[in-house]
Amino acid sequence: MIIKLDKQKCYFIMLLLLMCVVQLTASVSMGVISIALTVLPILWNLNNPSKLLFLQILYLFQFQFYVSYLSFPLGISFICDIINLFLLFNIFKDSKLLQWKFRNINLKTIIFIWVLFFLIGIFSNFLYDLNISLIVWSLRNYIRFIIFFISCCLYIDKYSVNLGEYLIKLFYWFNIFFTSFQYFVLSKSGDFLGGIFGNDLGISNTYLHILLILILILSVVNYVSDNSSLVILTSYIVSTLYVAALSELKIIFVELPIIIILTLLFKRLGIKLLLKIISITCIVVVALAISIPILYELFPMFDNFFKLEKLFGYSTGSYSTSSDFGRLSSIVQIISTIFYGDVWQTLFGIGLGEAEISKIPIFSSSFYYNYEYTHYYMFTLSYVFIENGFIGLFLFMFMPIYLALKMIFERETSKYALLLIVLSISLFMLLLYNNTMRSEIYYLYLFVLSWGVAINRGNGGSCENNKKLCL
């Protein structure tokens, strides 16, 4: 297969090669050059939302690596906020675009639900302990993702989608090198093995995890939709499990069969699909049979981890200490130990921002200092439920529910409709697993999630004559 390299692809590869040089030499000057080569185009394209969105994803793939590996200030992540401000300006300027039809998906409905979420949360904050600074910080933490997702739906086209898939796969394959180098040469492993995202504690559970889950979903959907071969699918499954084993991402071994089941569940059954089901099943069984013993060998403490009783205990038990909330048991624990059965707080929480945590002291709540020992902030589920209760939790998850149901009821089985369904439902796994939906890497997930909406835009939403890009 011949891959034609245009200017954009060469630009991506150049930035990745600079990251490789930094990984091998720890050169600060090279790191500064690499970041500058992304930031300068961002500044040049502040009034070009389609390019700005793409550059934000490109920046997202780089900044955490330099924060981790070269100790760049974490504040460079706020460049994403600056981008969002200009994206918001463009949305207001082009507000008529919200009238476009995205099949039967109405972006105004999504925006309305989010506004309702914020109004209820702010009202609860007034009742609990009015704190304007916490409300403002919390609004920032939520609205940035809404602005980004709406902008993706409005401004990216078919060419951007194809180039975006190319970019994600390109960085994924380079990540194999980074992961291997860090494990075998730098002796990094487990929570400290973040591959292309660096070696800070917990990076593998958030940033790296999102990259792996997106690759799995894209590769399975592409294969089922006749956009890739069995050999390509196998290469992605095997390499993903390899990275997951080295970085102790046990969740990937659970998510893989779930992703496959979801993808096949919403695809029309036929002889061809049956053959694909058989082939995928064989590959996954063999891959898991080989990789799980490797995981046990690398991390003996997880021996027999994938037995049902251990999985259940892991999901419901405490996260790291006896006082921690569990992933699946956190709601019950919050109602009994924090809300003390109060009906209002169970329904509406303690208010938007009242459980906030930040490295900036003014944006850390008193609730955090009182209940830090529960590690509630480790999971999006417990975080959102404490602040917004059951009502707020439903409103928070309305968007993926809405998007998935729209595609399911339409009986659409194209690649991008299937991708939208699987990604929307998979968000519930992220809700339970960790706090990814509150961190910068969530931009990447929303970028891919938006493809199924943008591709069906009322104005055609595409440059159909652009060639399909594969890697």
Mind listing the closest non-hydrogen atom pair of [X] and [Y] along with its distance?
| X | Y | value |
| --- | --- | --- |
| Ile421 | Ala404 | CG1-O, 4.2 Å |
| Val254 | Ile258 | O-CG1, 3.4 Å |
| Ile362 | Ser133 | O-OG, 3.6 Å |
| Asn435 | Thr380 | CA-OG1, 3.3 Å |
| Ser204 | Gly190 | OG-O, 3.4 Å |
| Ile334 | Phe325 | CG1-CE1, 3.6 Å |

Would you check, one step at a time, whether the test side-chain hydrogen bond (donor to acceptor under 3.5 Å, both in side chains) holds for Asn205 with Asp191?
-> CA-CA 7 Å; Asn205 278 316; Asp191 287 347; 3.1 Å; yes

Please name the residue in the list [options] that meets the ring pair (Phe, Tyr, Trp, His ring centres under 6.0 Å) test with [X].
| X | options | result |
| --- | --- | --- |
| Phe148 | Tyr443, Tyr155, Tyr442, Tyr445 | Tyr443 |
| Tyr236 | Tyr242, Tyr223, Trp173 | Trp173 |
| Phe65 | Phe197, Phe178, Phe174 | Phe178 |

Residues in ring-ring contact (aromatic ring centres under 6.0 Å, His included) with Tyr183, at least two apart?
->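 Counting only residues at least two positions away or on another chain, Tyr183 forms no ring-ring contact (aromatic ring centres under 6.0 Å, His included).
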
ring-ring contact (aromatic ring centres under 6.0 Å, His included) with Phe367: which residues, sequence neighbours excluded?
->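 Expected list: Tyr371, Tyr376.
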
I'd like to check [X] versus [Y] (side-chain heavy atoms, cut-off strictly below 4.5 Å). Are they in contact?
| X | Y | answer |
| --- | --- | --- |
| Leu420 | Leu449 | yes |
| Ile135 | Leu139 | yes |
| Leu381 | Leu393 | yes |
| Ile210 | Leu214 | yes |

If you round to the nearest 0.5 Å, how far is CZ of Phe379 from CZ of Arg438?
->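 Arg438 atom CZ to Phe379 atom CZ measures 14.0 Å (nearest 0.5 Å).
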
Output yes when Arg140 and Glu356 qualify as a salt bridge under the 4.0 Å nitrogen-oxygen rule, no when they do not.
->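 The answer is no: the pair does not qualify as a salt bridge.
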
Give a yes or no on whether a salt bridge exists between Glu165 and Lys169, defined as a side-chain N under 4.0 angstrom from a carboxylate O.
->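 A salt bridge is present here (some side-chain N lies under 4.0 Å from a carboxylate O).
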
Would Tyr377 and His375 count as a close aromatic pair, with their ring centres under 6.0 Å?
->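 Distance test on ring centres: under 6.0 Å, yes.
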
Are Phe385 and Phe390 an aromatic pair by the rule of ring centers under 6.0 Å?
->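 Distance test on ring centres: under 6.0 Å, yes.
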
Ring geometry between [Y] and [X] (parallel below 30°, tilted from 30 to 60°, perpendicular above 60°):
| X | Y | value |
| --- | --- | --- |
| Phe123 | Trp344 | perpendicular |
| Tyr166 | Phe12 | tilted |
| His209 | Tyr433 | tilted |
| Phe398 | Phe394 | perpendicular |

Would you say Phe428 has more than 12 foreign heavy atoms packed within less than 6.0 Å of its CZ?
->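 Enclosed.
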
Could you pull out all residues at least two apart from Lys267 that satisfy side-chain hydrogen bond (donor to acceptor under 3.5 Å, both in side chains)?
->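 Lys267: no side-chain hydrogen bond (donor to acceptor under 3.5 Å, both in side chains) contacts found.
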
Just by distance, with hydrogens left out, do [X] and [Y] show a side-chain donor and acceptor under 3.5 Å apart?
| X | Y | answer |
| --- | --- | --- |
| Asp157 | Ser160 | yes |
| Ser329 | Gln333 | yes |
| Tyr172 | Thr240 | yes |

Report yes or no: is the cationic atom of Arg144 (NZ for Lys, CZ for Arg) closer than 6.0 Å to the six-membered ring centre of Phe149, at no more than 45° off its axis?
->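 No; the conditions do not both hold, so Arg144 does not lie above the ring face of Phe149.
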
What do the steps show when you test Asn227 against Ser225 for side-chain hydrogen bond (donor to acceptor under 3.5 Å, both in side chains), and what is the final call?
-> CA-CA 6 Å; Asn227 285 291; Ser225 302; 4.6 Å; no

Checking side-chain hydrogen bond (donor to acceptor under 3.5 Å, both in side chains) for the pair Tyr207/Ser439: CA distance, chi angles, key distance, verdict?
-> CA-CA 9 Å; Tyr207 283 71; Ser439 63; 5.5 Å; no

